[in-house]
Undergrad: 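First the structure, then my questions, so here it is.
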Amino acid sequence: MKEEDKIIEEATSGEYKYGFVSDIESEKSQKGLTEDTIRFISEKKNEPSWLLDWRLKAFKVWEQMEEPDWAHISYPKPDFQDIIYYAAPKPKKKYESLDEVDPEILKTFERLGVPIEEQKALAGVAVDVVMDSVSVATTFKDKLSELGIIFCSFSEAVQEHPELVQKYIGSVVPQRDNFYSALNSAVFSDGSFCYIPKGVRCPMELSTYFRINEANTGQFERTLIIADEGSYVSYLEGCTAPQRDENQLHAAVVEIIALDRAEVKYSTVQNWYPGDKKGRGGIYNFVTKRGICHHHSKISWTQVETGSAVTWKYPSCILKGDHSVGEFFSVAVTNNMQQADTGTKMIHLGKNTKSTIVSKGISAGKSQNSYRGLVKVAKGAQGARNFSQCDSLLIGAKCGAHTFPYIECQNKSAKVEHEATTSKIGEDQLFYCNQRGIKTDKAIGLIVNGFCKNVMDNLPMEFAIEAKKLLEISLEGSVG
Amino acid sequence: MLKIKGLKAEIEGKEILKGLNLEVNPGEVHAIMGPNGSGKSTLASVLAGREEYEVTAGSVHFEGKDLLELAPEERAGEGVFLAFQYPVEIPGVSNINFIKTAVNEVREYRGLPNLETKEFMTLLKEKQQLVELSGKLANRSVNEGFSGGEKKRNEIFQMAMLDPKLGVLDETDSGLDIDALRIVSHGVNELKSKDNAFVVVTHYQRLLDYIVPDYVHVLLDGKIVKTGSKELALELEEKGYDWIIKELEEEKL
């Protein structure tokens with residue numbers, strides 16, 4: 001029997017002991033995806049059997065699905081049998097000081113102006129750091145637990161709060177929802193879990209930093225946020241990734257449940273490695289994010305997307321409860337060879353539901369940037385309102401911006417408005433800035449940030465500062 | 001300070017400036033007048049470094065440096081300011097953020113540290129008063145939704161903030177009512193010193209009632225053909241440009 005097979009055999013036969021591979025850099029599953037891989041992951045994470053069954057069901061569904069190709073993107077299809085589905089860093093990898101953190105990452109943080117304290121947080125003090133699938137640090141816990149707030153890694157939630165996980169996992173994004181969500185459901189390794197009890201206003205922004213560390217490791221994060229009746233939480237997700245040579249697949253699932261009168265603000269700054277100027281080596285980001293709003297509740301998605309070679313992402317709201325509100329504020333920047341197909345879905349089911357969509361797409365280099373949005377008003381959604389605004393800004397002559405708005409309206413009392421503009425950064429604007437002494441790169445940053453202002457205003461302040469710099473860095477050198 | 005010799009410039013293959021000479025010394029105000037299409041705005045654009053214009057001959061030196069070798073932002077750093085005939089709108093960028101960026105970029109070019117917020121605010125208030133620019137405009141997007149007069153006042157305000165050595169005013173008077181004209185001119189007069197200089201490009205004599213030039217130049221078909229004192233401007237106002245054209249033709253004969 002080959003060594004590899006032995007490991008799987010051991011793992012699946014239940015005799016596996018933790019840490020038997022801890023003498024190597026990280027614990028990994030074998031390449032490829034079979035039922036055994038899933039059993040290996042589940043076993044490794046000491047999961048209850050209902051979860052293993054849930055994963056296996058997802059896997060069966062996934063096997064029968066085809067990778068979608070309706071998006072306005074093109075890329076070599078990943079070989080799903082050539083991916084390592086599980087990698088955990090050595091348990092001792094809890095950073096003592098910043099010196100131990102990869103200098104490349106620190107350099108990125110420095111350029112982004114991430115405060116030192118926050119950089120330290122990376123080393124495991126203040127934030128839930130998801131590093132290579134496994135959460136290595138979770139903090140603020142005591143303070144939060146006083147209020148009954150649960151904020152921990154997904155794996156921990158499975159162990160500590162199985163009833164909550166079992167009740168809500170897959171309730172917003174079912175396994176069969178789409179190709180990538182099915183894949184994620186089968187093999188997800190870790191992620192974050194958050195529960196805000198009834199009537200509690202979470203006093204701090206909850207944040208996670210995601211990173212991809214291990215070459216050739218697909219990342220399958222799963223996030224579950226439950227805001228109980230009348231509660232409030234602001235959740236931040238920020239990503240940075242060091243430079244890589246090989247394409248990496250990232251297929252995350254985020255589910256938000258906002259119960260009656262709850263409010264959830266979910267903000268993302270995403271800058272996965274986009275590949276080099278020729279588009280080599282960037283990350284493929286296929287994310288399913290969705291929230292469900294019960295009566296009088298509100299979910300607000302704000303995202304600033306600058307990274308990834310390919311982005312496929314539609315944070316959505318199911319406005320199930322009457323008087324519920326969904327918001328989507330997005331800035332998507334593409335440069336060089338990047339491709340983004342992103343937008344949102346607002347599904348109005350309840351009466352007097354409201355949704356707002358503000359999307360700002362910025363294309364530079366030879367990139368392609370598409371907005372794809374669906375506003376659906378169901379029969380019973382009396383008095384539903386939607387306002388959508390999609391603006392595109394082009395930098396240079398070789399890039400593309402596309403808008404695909406879909407509107408399905410089955411209720412006559414609904415009002416759906418859609419506005420779209422496309423503009424180019426004018427030579428006049430650049431020259432005006434230059435004449436005032438402002439260098440071209442800086443001028444582009446200024447103009448682009450102005451263009452995105454009403455989205456940026458929705459980000460928590462510190463996050464916004466970081467995002468602004470990120471926009472400038474992403475577009476450096478985009479006008480020759 | 002500024003020495004222009006035999007300057008020829010074209011746009012899209014069409015020659016506009018055909019051998020222009022001009023010398024400006026510190027403390028001087030020069031008015032450039034001329035009929036439409038004579039090259040007034042082209043001169044202003046070439047001095048600021050607008051890309052569409054190609055210089056085909058001649059030289060421009062500013063404080064001994066070859067100005068034509070410098071990028072537009074470097075020229076700004078050296079102290080050349082152009083008040084635009086048509087100021088550009090930049091949506092979403094507040095006026096205050098814009099000018100703060102500009103001030104600090106120019107300071108960086110000159111090897112100076114960024115202005116502290118307090119110093120900057122003091123300077124801002126002082127200069128806003130100079131052109132009676134309301135504080136509200138500072139928070140609005142650059143030139144967006146500004147009236148014609150507000151835009152021009154904003155140009156002079158920016159000039160005041162950047163304190164250039166050479167201010168080039170490109171038809172700053174166009175589209176201004178008499179009150180705005182007075183305010184703009186007052187701003188320029190307050191900024192005037194023995195160390196700086198202004199080149200005022202204009203169509204009409206009336207601006208020169210407020211900003212009194214030391215020299216008036218007549219630009220015709222890409223060349224300065226006549227130079228005089230401020231009285232020349234009055235004469236042009238009264239008689240137009242035809243008599244100069246005739247004079248030139250007689251000289252040729």
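If you're wondering where the values come from, they're calculated on a predicted model, not measured in any experiment. Residue numbers start from 1 in every chain, and the chains themselves are labelled A, B, ... in the order their sequence lines are given, proteins ahead of strands.
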Undergrad: At a 4.5 Å cut-off on heavy atoms, which part of B:L162 comes close to chain A: side chain, backbone, both, or neither?
TA: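 B:L162 touches chain A through side-chain heavy atoms alone.
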
Undergrad: Quick check on B:V103 against chain A: is it the side chain, the backbone, both or neither that has a heavy atom closer than 4.5 Å?
TA: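 It is neither, since no heavy atom gets under 4.5 Å.
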
Undergrad: So does B:Y86 have more than 12 non-hydrogen atoms from other groups sitting under 6.0 Å from OH?
TA: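 Check fails, neighbour count at 12 or below.
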
Undergrad: Give a yes or no on whether a salt bridge exists between A:K442 and B:E108, defined as a side-chain N under 4.0 angstrom from a carboxylate O.
TA: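 Salt bridge between A:K442 and B:E108, a charged N being under 4.0 Å from a carboxylate O: no.
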
Undergrad: Is it the backbone or the side chain of B:R50 that comes under 4.5 Å from a heavy atom of chain A, or both, or neither?
TA: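 Both backbone and side chain.
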
Undergrad: Let me know if B:F98 has heavy atoms under 4.5 Å from chain A in its side chain, its backbone, both or neither.
TA: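 Backbone plus side chain of B:F98, per the 4.5 Å heavy-atom cut-off to chain A.
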
Undergrad: Any sub-3.5 Å donor-acceptor pair from A:Q435's side-chain atoms to B:R75's backbone N or O?
TA: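 Not confirmed, A:Q435 side chain does not pair with B:R75 backbone.
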
Undergrad: Where is the tightest heavy-atom contact between B:I90 and A:C433, given as atom of each residue plus distance?
TA: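 Smallest interatomic distance, heavy atoms only, reads CD1-SG, 3.8 Å.
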
Undergrad: Using every non-hydrogen atom in the two residues, find where A:L446 and B:N97 come nearest and quote the distance to one decimal.
TA: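 The pair with the smallest heavy-atom distance is CD1-ND2, 4.0 Å.
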
Undergrad: Tell me whether A:K468 at atom NZ has more than 12 heavy atoms from other residues, nucleotides or ligands lying less than 6.0 Å away.
TA: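 Result for NZ/A:K468: open.
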
Undergrad: Where on B:P164 is there a heavy atom nearer than 4.5 Å to chain A: the side chain, the backbone, both, or neither?
TA: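 For B:P164, no heavy atom lies under 4.5 Å from chain A.
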
Undergrad: Within the 3.5 Å criterion, strictly below it, is a donor on B:N143 or A:Y432 matched to an acceptor on the partner's side chain?
TA: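 A:Y432 and B:N143 do have a side-chain donor-acceptor pair below 3.5 Å.
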
Undergrad: Evaluate whether atom NZ of A:K366 has more than 12 neighbouring non-hydrogen atoms of other residues, nucleotides or ligands under 6.0 angstrom away.
TA: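 Counting other residues, nucleotides and ligands, NZ of A:K366 stays at 12 neighbours or fewer.
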
Undergrad: Considering only heavy atoms and a distance below 4.5 Å, find which of A:I438, A:I447, A:N454 pairs most often with chain B.
TA: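 Highest number of pairs under 4.5 Å: A:I438.
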
Undergrad: Have a look at A:R436 and tell me which of B:E105, B:E73, B:E155 forms a salt bridge (charged side-chain N to carboxylate O under 4.0 Å, His left out) with it.
TA: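 For A:R436, the salt bridge (charged side-chain N to carboxylate O under 4.0 Å, His left out) check succeeds only for B:E155.
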
Undergrad: Count the heavy atoms of every other residue, nucleotide or ligand shown that sit under 6.0 Å from NZ of A:K354, and state whether that count exceeds 12.
TA: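 Atom NZ in A:K354 is not crowded, with 12 or fewer foreign heavy atoms closer than 6.0 Å.
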
Undergrad: Which pair of non-hydrogen atoms, one from B:V106 and one from A:G437, has the smallest distance, and what is that distance?
TA: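 Between these two residues, the closest heavy atoms are CG2-CA, 4.0 Å.
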
Undergrad: Select one option (side chain, backbone, both, neither) describing which atoms of B:Y109 are under 4.5 Å from chain A's heavy atoms.
TA: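 Neither part, no heavy atoms under 4.5 Å.
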
Undergrad: Counting only non-hydrogen atoms closer than 4.5 Å, does B:E89 touch chain A with its backbone (N, CA, C, O), its side chain (CB onward), both, or neither?
TA: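 Just the backbone, heavy atoms under 4.5 Å.
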
